[in-house]
2 protein chains.
Amino acid sequence: MKDPVAAELLRQKGVKPTPQRVVITEHLLNTVSHPTADEIMEAVSDKLPVALSRATVYNTLNALVEAGVVREVFTEPGCARYDANTSEHHHFVDVKSGHIFDIPQELVPQLKDQLGDRFKVHNYSITFWGEIADADAS
Amino acid sequence: MKDPVAAELLRQKGVKPTPQRVVITEHLLNTVSHPTADEIMEAVSDKLPVALSRATVYNTLNALVEAGVVREVFTEPGCARYDANTSEHHHFVDVKSGHIFDIPQELVPQLKDQLGDRFKVHNYSITFWGEIADADAS
DNA sequence: ATCTATTCTTAGAAGTATTCTAAAAACATA
DNA sequence: TATGTTTTTAGAATACTTCTAAGAATAGAT
Ligand SMILES: [Mn+2]
Ligand SMILES: [Mn+2]
Ligand SMILES: [Zn+2]
Ligand SMILES: [Zn+2]
């Protein structure tokens, strides 16, 4: 099934929907796994008739972040992960499996105004590490 | 002034206080700036009679983290920062200057039990980005 | 349909942070 | 002192990301 939603989303956000960008965006829209650039490259390259370059993957991801189509998530040093869930939310890392779960903003108290008037908070992110009770949630 | 406190701390934590380790620990105890490995190397290498190797800096920092002498802090992709403040606390990054401030645990609500019983939280970290009111706080 | 300017993609090189390797030095113990 | 263990060292290797320079695709103007 072809999926016009990715191309449409890109257009809305002012990003020209090239095949490479569409296919990467599609992949992120259809996963909850917070993949790295490498994982995205791996997953996506055979959906294009031409060779896909590392540079294009990184260029595209940077463009998507810039345009607000996806979020960059940092749960570990060394590499960024990407997330098509752009709502305000936080992350839980299962230390056993490495799986990353979304924690909606509503589950944690609003922290913007906790710090007093010395610190003007633009945004913040919370990363939780721990174990998840029933492990069958990928 | 020589400072026996670093060596003593290392001994307490079960790390043999070699000159390299002492000098790196001393530097971290005497700064609030959350330096990177590179910045530590730069700051410390002329306090030793011998050449200091990158590998030793990284080995030492890993050993110190392992032993609980310092904390690793991730506020940006690409490189780790180090912090001799091992109390539970969080971080505020001034987006103008890049300076990183400690936010004591008491300033934010306890989040360990917010997530329901599905997620067993071992620990968590909050990073705030924003601007600081009076900028003269280094 | 061509021409032209701009944007996008490509392969590979370069850059940056960190770890690995193998050998030398320092240290501890007998 | 002899011996084994730990630590440090310089440089190579690795991992992730960005840069470079050239070609391909695209869009607009003629
Ligand atoms: Mn997410
Ligand atoms: Mn700190
Ligand atoms: Zn997310
Ligand atoms: Zn800190």
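Letters A, B, ... mirror the listed sequences (proteins, then strands); counts begin at 1.
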Using nucleotides 19-22 of chain C, report all nitrogen or oxygen pairs with the protein that are shorter than 3.5 Å.
| unit_1 | atom_1 | unit_2 | atom_2 | d |
| --- | --- | --- | --- | --- |
| C:dT19 | OP2 | B:N62 | ND2 | 3.3 |

* Expressed in angstrom and rounded to an integer, what is the separation of B:E39 atom CD from C:dT16 atom P? -> 15 Å

* Structure fact -> Between CG of A:L61 and P of C:dT9 the distance, given in whole Å, is 12 Å

* Asked: Sequence neighbours excluded, which residues qualify as salt bridge (Lys or Arg N to Asp or Glu O under 4.0 Å) partners of B:E39?
  -> B:R81

* With a 4.0 Å cut-off on heavy atoms, is B:T56 in touch with a base, just the backbone sugar-phosphate, or nothing at all? -> base

Tabulate protein N/O versus nucleotide N/O from nucleotides 24-30 of chain C, keeping only pairs under 3.5 Å, one per line.
none

* Round to a whole Å and report the spacing from CD of B:E76 to C1' of C:dT16. => 12 Å

* **Heavy-atom side-chain contact between A:T127 and A:F74 under 4.5 Å** => no

* To do: Would you confirm whether B:T25, through its side chain, and B:R21, through its main-chain N or O, come within 3.5 Å as a donor-acceptor pair?
  => yes

* Asked: For the residue pair B:F101 and A:F119, does the interplanar ring angle fall in the parallel (under 30°), tilted (30 to 60°) or perpendicular (over 60°) class?
  -> perpendicular

* **Plane angle bin for A:H34 and A:H89 - parallel if under 30°, tilted between 30 and 60°, otherwise perpendicular** => tilted

* **salt bridge (Lys or Arg N to Asp or Glu O under 4.0 Å) partners for A:R54, two or more places apart** => none

* To do: Grab the CE-P distance between B:M41 and C:dA17 for me, whole Å please.
  => 13 Å

* Got more than 12 heavy atoms from elsewhere within 6.0 Å of CD, A:E72? -> yes

* Asked: Excluding sequence neighbours, so at least two apart, what forms ring-ring contact (aromatic ring centres under 6.0 Å, His included) with A:Y124?
  -> A:H90, B:F128

* **Nearest-nucleotide 5' precedence on DNA chain C, A:R21 against B:T36** => A:R21

* How about A:D46: does its CG atom have over 12 heavy atoms from other parts shown lying under 6.0 Å from it? -> yes

* To do: Answer yes or no: does atom CD of A:E66 have more than 12 heavy-atom neighbours from other residues, nucleotides or ligands under 6.0 Å?
  => no

* Asked: Can you check side chain to side chain contact (heavy atoms under 4.5 Å, CB included) on B:I132 and A:K120, steps first, answer last?
  -> CA-CA 6 Å; B:I132 195 158; A:K120 217 174 297 181; over 6 Å; no

* **Boundaries of the chain A footprint along DNA chain D (any atom under 4.0 Å from a heavy atom)** => D:dC16 to D:dC19

